[in-house]
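One structure below.
Values below: all heavy atoms of this structure, side chains included; hydrogens, waters and symmetry mates excluded.
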Amino acid sequence: MSLPPLVEPASELTVDEVRRYSRHLIIPDVGMDGQKRLKNAKVLCVGAGGLGSPTLMYLAAAGVGTLGIIEFDEVDESNLQRQVIHSQADIGRPKAESARDTVLGINPYVKVNLHTERLDSSNVMEIFAEYDLIVDGTDNFATRYLVNDACVLLKKPYVWGSIYRFDGQASVFWSEHGPCYRCLYPEPPPPGMVPSCAEGGVLGVLCASIGSIQTTEAIKLLAGIGEPLLGRLMIYDALEMNYRQVKVRKDPECAVCGKNPTVTELIDYEAFCGVVSDEAQQAAMGSTITPQQLKEWIDEGENIDIIDVREPNEYEIVSIPGARLIPKNEFLMGNALGELPQDKRIVLHCKTGVRSAEVLAVLKNAGFSDAVHVGGGVVGWVTQIEPEKPVY
């Protein structure tokens with residue numbers, strides 16, 4: 001379904017802009033009119049990470065007049081494998097500032113607005129109201145539902161993308177003309193069911209593949225050209241080099257954009273998505289130890305069995321001395337319980353403490369009442385006990 005242009009054209013292009021965008025101007029579907037619309041457009045990118053990097057860089061190169069960047073995090077060395085908007089020299093800098101400098105290096109004619117706070121229900125409406133289009137480059141469900149609901153309430157379109165390991169997805173959501181994100185995913189997955197990129201990894205170049213699709217869709221919407229991915233989900237398998245599409249229909253019973261919406265204002269999205277399940281939170285109460293406590297137990301020869309519930313490739317990168325590997329999924333399927341000793345206290349850990357809390361709940365229900373887990377996981381261990389080891 002073709003849509004009218006999202007923005008009106010700017011009054012003119014300067015001589016320098018005509019030279020810069022000449023390869024756009026000679027495309028009949030873009031031309032002078034389309035380029036003027038890009039110049040007059042205001043686009044907000046939520047996140048300046050893996051997906052935000054190619055999106056911001058190509059939107060800037062394309063001549064989008066105003067780019068907003070909302071990002072509160074700092075550049076970490078582990079980001080550089082995929083977040084190409086940042087460089088080695090940017091490690092430790094705010095991502096928003098690093099991204100701004102790269103954008104202006106690509107195109108000095110772009111105006112960049114920085115929003116360095118964490119996006120939440122208290123500020124999203126005010127921030128989104130400034131822009132014509134939202135591009136979502138986040139990697140957590142709470143923010144995705146927040147972005148969706150705010151866009152529905154403000155009647156704004158947004159371009160969505162998602163990446164994990166070798167797989168990517170992209171679509172356009174705009175409740176005024178088609179489905180919203182909740183029409184595709186009415187409810188978030190159970191806590192801990194879908195690992196993040198930090199837990200499961202992502203092929204760096206996949207960010208460019210999905211980010212370029214998002215940028216293309218944004219340009220099409222702004223200029224009113226082509227057929228946007230509205231009502232279609234693009235699924236990309238990098239290993240098979242295969243793209244396929246799935247139709248997404250507007251759900252008349254959708255909680256936020258349906259005929260009788262039940263979500264008419266922003267909600268508590270952290271609670272809605274549940275970063276950690278109630279069972280895990282309950283299990284962790286009074287059963288969480290620090291890396292320093294674990295170190296003391298090891299040094300004192302306590303009768304403990306240290307279980308690493310991460311994946312084998314994570315274990316190969318760095319591990320806590322004496323820990324043996326039993327991946328989380330083995331506990332969820334019930335296969336690992338028979339491997340646990342009855343005469344030792346079980347100490348669980350993962351990367352940061354989220355997965356180990358979920359496994360702790362399983363063990364508590366199975367009768368291992370004195371089991372504990374390490375708050376902060378192996379990251380906390382390396383930071384506090386063995387700083388010479390790598391943190392991934």
Side-chain angles (χ1 to χ4, degrees), residues 5-8 10 37-73 83 85-86 94-104 106-107 109-140 142-162 170-176 180-181 207 210-223 228-230 266 269:
L6 188 59
V7 296
E8 294 297 319
R37 293 183 191 277
L38 294 181
K39 179 179 180 178
N40 205 31
K42 298 178 180 179
V43 176
L44 175 68
C45 189
V46 184
L51 292 175
S53 291
T55 299
L56 285 165
M57 294 167 73
Y58 271 106
L59 286 174
V64 171
T66 300
L67 285 176
I69 304 172
I70 181 158
E71 176 64 75
F72 66 92
D73 202 1
Q83 299 180 19
I85 204 167
H86 312 296
K95 284 186 180 180
E97 295 180 8
S98 169
R100 174 201 58 202
D101 292 350
T102 301
V103 163
L104 294 178
I106 292 171
N107 190 346
Y109 303 121
V110 174
K111 177 185 177 183
V112 181
N113 299 328
L114 296 190
H115 306 276
T116 55
E117 62 268 47
R118 182 188 292 270
L119 190 69
D120 58 31
S121 297
S122 69
N123 58 23
V124 65
M125 300 294 278
E126 181 180 358
I127 293 174
F128 280 18
E130 301 177 32
Y131 298 92
D132 303 304
L133 174 71
I134 312 300
V135 180
D136 183 5
T138 60
D139 64 352
N140 68 87
T143 306
R144 289 172 184 168
Y145 282 97
L146 169 67
V147 170
N148 176 79
D149 293 0
C151 284
V152 171
L153 295 174
L154 291 169
K155 301 182 179 180
K156 292 183 182 289
Y158 86 99
V159 182
W160 169 80
S162 175
S171 190
V172 171
F173 299 111
W174 194 359
S175 60
E176 296 298 288
C180 77
Y181 180 76
C207 301
I210 300 303
S212 65
I213 293 175
Q214 291 182 276
T215 308
T216 303
E217 292 303 303
I219 291 172
K220 287 159 59 179
L221 288 168
L222 295 169
L229 275 175
L230 189 66
L266 301 178
Y269 293 91

Looking at [X] and [Y], what are the two nearest heavy atoms and their distance?
| X | Y | result |
| --- | --- | --- |
| Cys151 | Ile134 | SG-CG1, 3.7 Å |
| Ala218 | Val135 | CB-CG2, 4.4 Å |
| Ile69 | Ala99 | CD1-CB, 3.9 Å |
| Val64 | Val110 | O-CG2, 3.5 Å |

I need the [X] [atom1] to [Y] [atom2] distance, nearest 0.5 Å.
| X | Y | atom1 | atom2 | answer |
| --- | --- | --- | --- | --- |
| Ser175 | Tyr158 | OG | OH | 10.0 Å |
| Tyr269 | Tyr145 | OH | OH | 11.0 Å |
| Thr215 | Ile213 | OG1 | CD1 | 10.0 Å |
| Leu153 | Phe128 | CG | CZ | 11.0 Å |

What residues form a side-chain contact (heavy atoms from CB on, under 4.5 Å) with Leu6, not counting sequence neighbours?
-> Asp132, Leu133, Pro157, Trp174, Leu222

Ser98: side-chain contact (heavy atoms from CB on, under 4.5 Å) partners, not counting sequence neighbours = Val75, His86, Asp90, Arg93

Given the rule in the side-chain contact (heavy atoms from CB on, under 4.5 Å) test, do Leu67 and Asn113 qualify, once you have shown the distances and angles that lead to the verdict?
-> CA-CA 6 Å; Leu67 285 176; Asn113 299 328; over 6 Å; no

Looking at side-chain heavy atoms only, is the closest gap between Met125 and Leu154 below 4.5 Å?
-> yes

List the steps and the verdict of side-chain contact (heavy atoms from CB on, under 4.5 Å) for Val159 and Leu221.
-> CA-CA 10 Å; Val159 182; Leu221 288 168; 4.0 Å; yes

For Asp136, side chain to side chain donor-acceptor pair (under 3.5 Å) partners two or more places apart | Thr138

With sequence neighbours left out, the residues meeting side chain to side chain donor-acceptor pair (under 3.5 Å) with Thr143 are Asn140

Result block: side-chain N/O donor-acceptor pairs under 3.5 angstrom for residues 51-63, not counting sequence neighbours:
| residue | atom | partner | partner atom | Å |
| --- | --- | --- | --- | --- |
| Ser53 | OG | Gly49 | O | 2.6 |
| Ser53 | OG | Ile85 | N | 3.4 |
| Thr55 | OG1 | Leu51 | O | 2.8 |

Residue pairs passing the side chain to side chain donor-acceptor pair (under 3.5 Å) test where at least one lies in residues 39-49, sequence neighbours excluded | Glu17-Lys39

All pairs passing side chain to side chain donor-acceptor pair (under 3.5 Å) where residues 116-129 contributes a residue, at least two apart = Asp120-Ser122

Which class fits the ring pair Tyr131 and His115: parallel under 30°, tilted 30 to 60°, perpendicular over 60°?
-> perpendicular

Does Glu217 use its side chain to pair, donor to acceptor, with the backbone of Leu229 at less than 3.5 Å?
-> yes

Can you run down the salt bridge (Lys or Arg N to Asp or Glu O under 4.0 Å) pairs that involve residues 144-158, sequence neighbours left out, and say none if there aren't any?
-> Asp149-Arg182

Qualifying salt bridge (Lys or Arg N to Asp or Glu O under 4.0 Å) pairs with a residue from residues 55-73, counting only residues at least two apart or across chains = Asp73-Lys95

